[in-house]
Amino acid sequence: MCLEGKPLSSLVERWGSPLFVVHADQLAENVRRFQQVPPGQQRGVEVFYSYKTNPIPAVLQRLSQLGVGAEVVSPYELWLAMRLGVAPGRIIYNGPGKTPSVARTLVQSDLLLTNLNHREEIALVAQAAAELGKRPTVGLRVATSDSWSGKFGIPIAGGQALAAYEEALSHPSLRVVGLHAHRGVAIEDADTLERFVREVLEFCDALHARLGLDVELLDLGGSLAVPTVLPLNDSPLPLAERVSRRLSIDGYLSLLVERVEDHFRRAGRPAPRILLEPGRAMTGNTQMLLCRVSSLNAAGEGPAHAILDAGENIAHILHREYHEIFHAERWGESPSETYTLDGPTCSPMDRLRTTIDLPRLRLGDTLAIMDAGAYLVSFSNSFCFPQPGIVVLDQGRETLVRRAETYEDMIARDLHANEASR
Ligand SMILES: Cc1ncc(COP(=O)(O)O)c(C=O)c1O
C-alpha cells in the first residue's frame with residue numbers, strides 16, 4: 001500500500017511504529033467540499049472544525065489557514081485556538097460544563113457565538129456579561145426528538161426550549177440571535193438529515209411566531225457520518241448496504257442548504273447564516289494509524305492472536321467502531337488466515353478486532369488502520385506504552401509534526417520521580 005507513491009511500510013521504517021500519518025491533500029479536499037456553494041444555491045455554509053475530534057495543532061492550524069473556524073468546548077481548546085491564531089470572530093464555544101469563571105472568559109473573549117447548553121447557563125452568562133459591561137452573542141443548544149439529550153441541550157419537546165429562549169431574551173446583557181442543534185447521533189442518510197433539519201426549522205418558525213425572534217446564526221452542529229466507519233453491532237443491515245446509503249459531504253451540504261434556503265424563502269423571512277461544526281466527516285478519512293505485528297500466538301482454540309504495537313491505548317474507538325484494516329505490504333494478496341488482533345498492553349480488554357482475514361502474518365509486518373482521524377489521537381493515553389509520533393504527508397513531503405512520546409515525557413510531570421532520579 002502506498003500513499004502518494006510512498007510505501008506505507010517505508011514511513012514506519014523512517015519514523016517508527018506505531019505512527020499516525022495525516023494526508024494533507026485529503027484534508028484540503030474535505031475542506032473544499034464543506035466550503036463549496038452547492039449547485040443551484042447562492043451561498044453555502046460557514047465551517048467550524050470540532051477541535052476535540054483530532055486535536056493535533058499542526059492539523060488545526062492547516063484547517064485555520066484553509067478558512068475553517070474553530071468549534072471548542074473547553075477553556076483549554078479556546079486557549080489553543082487563540083494560540084494558533086484563530087480570530088475570536090471565527091470561534092464557537094459549546095459544551096455543558098461552564099463555570100462562573102469560564103462564563104467570564106467567554107464574555108471577555110468576544111467570540112462569534114457562545115452556545116448555552118442548558119437553561120441554568122443563561123443567568124450565569126448574563127450575569128458575567130452585565131458585570132463586565134459586555135453583550136455576548138449567544139445561542140441556545142436545543143435537542144430535537146432524535147438527537148442526544150439529557151446532558152446536552154434543551155428539548156424542543158414540551159415547550160422547554162421555547163421557554164428557555166424567552167428567558168434568555170429577557171436578559172438585556174445577552175444578544176440572543178443563535179440557535180444550536182448538534183444531533184450527536186450520526187447522520188448516515190438523507191432521510192435522517194431531512195427529519196432533523198425539518199424539526200429545527202419548525203422550531204425557528206415557533207421562535208419567530210411566539211417570541212418575534214429571527215435566528216441569525218443557525219448552527220447545525222456536526223454528526224455527518226464517515227462513509228467507511230460504522231458503529232459496531234447496531235444495525236441489522238449488511239455493512240456494504242449501509243456504506244452505499246451513506247451521505248457524502250456534497251450530498252449532505254446540498255440537502256441541508258437547500259432545505260434551509262427554501263424554508264426561509266417560502267416563509268418570506270431572511271435566511272440565517274448557516275454554521276456547521278463537522279468533526280468526524282472533516283478529518284476521519286484524512287489520517288491512518290500504521291502499526292506492526294509484535295508477536296504471534298497460535299496456541300489455543302480459534303484464530304491465532306496477532307499482537308500489535310498499537311492497541312486500545314491508541315485506538316480505543318475501535319471497541320465501538322468498525323474501521324478497515326489492511327496489510328500494508330501485501331495489500332493485494334488474498335487473505336488466507338483468520339486472526340484476532342490484540343494490542344500490546346497487559347489487559348484482556350485490549351483487542352482491536354476479534355476476527356479478521358488477512359494474508360499470513362509475519363513478525364514486523366505493517367498494518368494500516370484506516371480512517372484514524374477522529375477520536376484516536378483525542379483518546380490516546382500512555383497506558384504502559386508511549387504515544388506515537390504524527391507525520392503529515394503533503395505533496396510527497398513528510399513532516400514530523402509530533403514526535404513520539406519518550407519515557408522522560410511520560411514522567412515529566414511527576415516531580416518527585418524527577419527529583420529522585422537526579
Ligand atoms: C457540539 C459538537 N459539535 C460538533 C461535534 C462534531 O461531531 P461529529 O464528529 O459527529 O461531526 C461534536 C461531537 O460530538 C459536538 O459535541
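When a ligand or atom number is given, it counts from 1 through the structure's own listing order.
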Visitor: Just do the side chain to side chain contact (heavy atoms under 4.5 Å, CB included) check on L341 and L367 with the steps written out, would you?
Guide: CA-CA 10 Å; L341 298 182; L367 299 185; 4.1 Å; yes

Visitor: State, without any angle test, whether N313 and T345 hold a side-chain donor-acceptor pair at a distance under 3.5 Å.
Guide: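 No.
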
Visitor: Please say whether W148 places an N or O atom under 3.5 Å from an N or O atom belonging to ligand 1.
Guide: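 W148 vs ligand 1: no N/O contact under 3.5 Å.
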
Visitor: Can you sort out which atoms of ligand 1 are near E71, meaning under 4.0 Å from one of its heavy atoms?
Guide: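 So the answer, numbered in order with elements, is 1 (C), 2 (C), 3 (N), 4 (C).
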
Visitor: Any heavy atom of Y375 sitting closer than 4.0 Å to ligand 1?
Guide: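 Right, Y375 reaches ligand 1.
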
Visitor: Could you tell me whether D262 and R265 have a side-chain N and a carboxylate O separated by less than 4.0 Å?
Guide: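 Yes, D262 and R265 are salt-bridged.
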
Visitor: Under a 4.0 Å threshold between the charged nitrogen and the carboxylate oxygen, would E312 count as salt-bridged to R351?
Guide: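 No.
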
Visitor: How far is atom 3 (N) of ligand 1 from the closest protein heavy atom, and which atom is that?
Guide: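 Protein heavy atom at minimum distance: E277 OE1, 2.7 Å.
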
Visitor: Report yes if S50 has an N/O atom closer than 3.5 Å to an N/O atom of ligand 1; otherwise report no.
Guide: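 No, no N or O pair falls under 3.5 Å.
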
Visitor: Output yes when the distance from some N or O of ligand 1 to some N or O of G279 is under 3.5 Å, and no in every other case.
Guide: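 Such a contact does occur with ligand 1.
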
Visitor: Just distances here: any N/O of R280 and N/O of ligand 1 closer than 3.5 Å?
Guide: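 In this structure, R280 places an N or O atom under 3.5 Å from an N or O of ligand 1.
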
Visitor: For atom 8 (P) of ligand 1, what's the nearest protein heavy-atom neighbour? Residue, atom name and distance, please.
Guide: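 Checked against all protein heavy atoms, atom 8 (P) of ligand 1 sits closest to S223 N, 3.4 Å.
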
Visitor: Check contact between G184 and ligand 1, using heavy atoms of the residue and a distance below 4.0 angstrom.
Guide: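 Contact absent.
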
Visitor: Any idea which part of M282 is under 4.0 Å from ligand 1, heavy-atom wise: side chain, backbone, both or neither?
Guide: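 Near ligand 1, M282 shows nothing, with every heavy atom at 4.0 Å or more.
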
Visitor: Before accepting this row, confirm whether a basic side-chain N of the pair K52/E77 lies closer than 4.0 Å to the acidic partner's carboxylate O.
Guide: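 The answer is no: the pair does not qualify as a salt bridge.
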
Visitor: Please identify which atoms of ligand 1 are closer than 4.0 Å to at least one heavy atom of N94.
Guide: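 Per the distance check, 1 (C).
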
Visitor: So is R90 actually on top of F48's ring, under 6.0 Å and inside 45° of the axis?
Guide: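 Yes - R90 lies over the ring of F48, closer than 6.0 Å to its centre and within 45° of its axis.
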
Visitor: At what distance is the nearest protein heavy atom to atom 5 (C) of ligand 1, and which residue and atom is it?
Guide: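 Residue, atom and distance for the closest contact: H182 CE1, 3.4 Å.
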
Visitor: Looking only at protein heavy atoms, which one is nearest to atom 15 (C) of ligand 1, and how far off is it?
Guide: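 Of the protein heavy atoms, K52 NZ, 3.1 Å lies nearest.
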
Visitor: Between R245 and E188, is there a side-chain N and carboxylate O pair less than 4.0 Å apart?
Guide: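 The answer is no: the pair does not qualify as a salt bridge.
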
Visitor: Could you check whether R195 pairs with E199 (Lys NZ or Arg NE/NH1/NH2 to Asp/Glu carboxylate O, under 4.0 Å)?
Guide: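 Judged by the 4.0 Å cut-off on N to carboxylate O distance, R195 and E199 do not form a salt bridge.
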
Visitor: Do R269 and D214 meet the salt-bridge criterion of a basic N to acidic O distance under 4.0 Å?
Guide: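 Yes, D214 and R269 are salt-bridged.
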
